[in-house]
Amino acid sequence: MTGATGALYTVRLLQMLREVPDVETHLVISASGVLNLKHELDIGRSELQAMADVSYNIRDVGATLASGAFDTAGMIVAPCSMRSLAAIAHGLSDNLITRAADVTLKERRRLLLMVRETPFNLAHLRNMTAVTEMGGIVFPPLPAFYHRPASIEEMVDHTVARMLEMFGIDVGGPQWQGSRES
């Protein structure tokens, strides 16, 4: 979790994954992420860490996540700030989030970046292109309305379910049933 707005996405992601058997979650949160967590949801670092199976200090670039020998299904950065996107796009492994993302890419594992910024400037678009060319997935949390969400929570849950589908994890989110023309 980085310092972009959208702490609820991280919380719901961890909560949903708690219900999936045989999935172990590993959490790294930036200092700005902690600030947003407090501002947006009024919860602290320790409360979020309790939702994950394992958590790390962002400065611990020697952690298991920083090694390709540590086998994972992939990595989700949610939310992903433009600063973290840029560091990942340019291979700047200056903290555990960007180092783990770099390892995920070099090992050809799935990397999903839930980028949070709008509008995009040219640097943002070029960084998204670079990450995509390296095999990463850029996944802005754009809400769908075909399932007629009644709340922000339903929109967040749908987005998180779609992210998890990218990893072959089905948490039962609403599916598009096609149009019904008369």
Side-chain angles (χ1 to χ4, degrees), residues 1-19 23-61 63 65-66 72 74-90 92-104 110-121 123-125 127-128 130-131 136-144 149 151-164 166-167 169 171 173:
M1 176 180 178
T2 68
T5 187
L8 184 56
Y9 289 104
T10 306
V11 168
R12 288 302 294 142
L13 179 62
L14 290 170
Q15 289 171 339
M16 285 184 183
L17 286 171
R18 261 286 175 220
E19 304 302 317
V23 171
E24 183 177 85
T25 57
H26 294 252
L27 173 69
V28 184
I29 181 170
S30 71
S32 297
V34 173
L35 292 174
N36 276 349
L37 191 63
K38 183 67 175 166
H39 179 74
E40 295 176 6
L41 301 175
D42 202 28
I43 64 174
R45 177 193 308 265
S46 60
E47 292 168 273
L48 185 68
Q49 288 173 327
M51 295 178 195
D53 295 305
V54 182
S55 62
Y56 304 86
N57 185 302
I58 193 167
R59 293 182 301 277
D60 187 6
V61 293
L65 293 179
T72 68
M75 179 176 178
I76 297 174
V77 182
C80 182
S81 67
M82 289 299 131
R83 184 247 175 253
S84 295
L85 168 68
I88 293 164
H90 294 279
L92 306 177
S93 300
D94 59 345
N95 64 50
L96 186 54
I97 294 172
T98 56
R99 172 65 186 154
D102 184 58
V103 167
T104 300
R110 186 146 292 198
L111 174 67
L112 187 146
L113 306 179
M114 193 195 83
V115 296
R116 282 288 307 120
E117 186 66 53
T118 187
F120 299 131
N121 69 35
H124 301 154
L125 295 169
N127 289 334
M128 286 186 244
V131 167
I137 299 166
V138 176
F139 195 106
L142 303 173
S151 67
I152 291 172
E153 288 77 13
E154 285 183 14
M155 288 189 286
V156 168
D157 284 357
H158 181 258
T159 298
V160 171
R162 288 281 298 127
M163 290 189 318
L164 291 174
M166 302 297 295
F167 289 81
I169 299 171
V171 292

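Below, each value reflects all heavy atoms present in this structure, side chains not excepted, and no hydrogens, waters or symmetry copies.
Atom OG1 of T159 and atom CG of L164 lie 11.0 Å apart (nearest 0.5 Å). Atom CG of residue L92 and atom OG1 of residue T98 lie 7.5 Å apart, to the nearest 0.5 angstrom. In this structure, T2 OG1 and R116 CZ are separated by 10.5 Å, a value rounded to the nearest 0.5 Å. With rounding to the nearest 0.5 angstrom, the CD1 atom of I58 is 8.5 Å from the OG atom of S32. S30 contributes atom OG, which lies 8.0 Å from atom CG of L35 (distance to the nearest 0.5 angstrom). Distance CG/D102 to CG/L96: 11.5 Å, rounded to 0.5 Å.
A donor-acceptor distance shorter than 3.5 angstrom exists from the side chain of N127 to the backbone of A123, with no hydrogens or angles considered. With hydrogens and angles disregarded, a donor-acceptor distance shorter than 3.5 Å links the side chain of D53 to the backbone of T25. Not a single donor-acceptor pair under 3.5 Å links the side chain of E19 to the backbone N or O of M16. For H90 (side chain) and A87 (main-chain N/O), no donor-acceptor pair under 3.5 Å exists by modelled atom type. Side-chain atoms of T104 come within 3.5 Å of backbone atoms of A100 as a donor-acceptor pair (strictly under, hydrogens ignored). No donor-acceptor pair under 3.5 Å is formed between the side chain of R12 and the backbone N or O of V160. In terms of modelled atom types and a separation under 3.5 Å, the side chain of E40 and the main chain of A7 share a donor-acceptor contact.
Atom CZ of R59 has 12 or fewer neighbouring heavy atoms from other residues, nucleotides or ligands inside a 6.0 Å radius.
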(request) Check the pair I169, L17 against side chain to side chain contact (heavy atoms under 4.5 Å, CB included), reporting the backbone distance first and the verdict last. (result) CA-CA 9 Å; I169 299 171; L17 286 171; 4.0 Å; yes
(request) Show your reasoning for whether side chain to side chain contact (heavy atoms under 4.5 Å, CB included) applies to L65 and Y56. (result) CA-CA 9 Å; L65 293 179; Y56 304 86; 3.3 Å; yes
(request) Please test M163 against M114 for side chain to side chain contact (heavy atoms under 4.5 Å, CB included), starting from the C-alpha separation and ending with a verdict. (result) CA-CA 9 Å; M163 290 189 318; M114 193 195 83; 3.9 Å; yes
(request) Could you walk me through whether L48 and V11 pass the side chain to side chain contact (heavy atoms under 4.5 Å, CB included) test, one step at a time? (result) CA-CA 7 Å; L48 185 68; V11 168; 3.8 Å; yes
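Nearest heavy atoms, G44 versus L37: O-CD2, 3.5 Å. Across all their heavy atoms, M155 and P143 have their closest contact at SD-CB, 3.8 Å. Here the closest heavy-atom approach between residue I97 and residue M1 is recorded as CD1-O, 3.6 Å. Pairing each heavy atom of G6 with each of P79, the nearest pair is O-CD, 3.7 Å.
Within the structure, the salt bridge (charged side-chain N to carboxylate O under 4.0 Å, His left out) test picks out no pair touching residues 23-35 (sequence neighbours left out).
In the model, R18 has no side-chain atom that pairs as donor or acceptor with a side-chain atom of Q15 under 3.5 Å.
Here R45 pairs with I29, V34, Q49 under the side-chain contact (heavy atoms from CB on, under 4.5 Å) rule; sequence neighbours left out.
Contact check on R99 versus D94 returns no salt bridge, with no Lys/Arg side-chain nitrogen under 4.0 Å from an Asp/Glu carboxylate oxygen.
The shortest side-chain heavy-atom distance between L113 and F139 does not fall under the 4.5 Å cut-off. Within the 4.5 Å cutoff, side-chain heavy atoms of M75 are placed close to those of V77.
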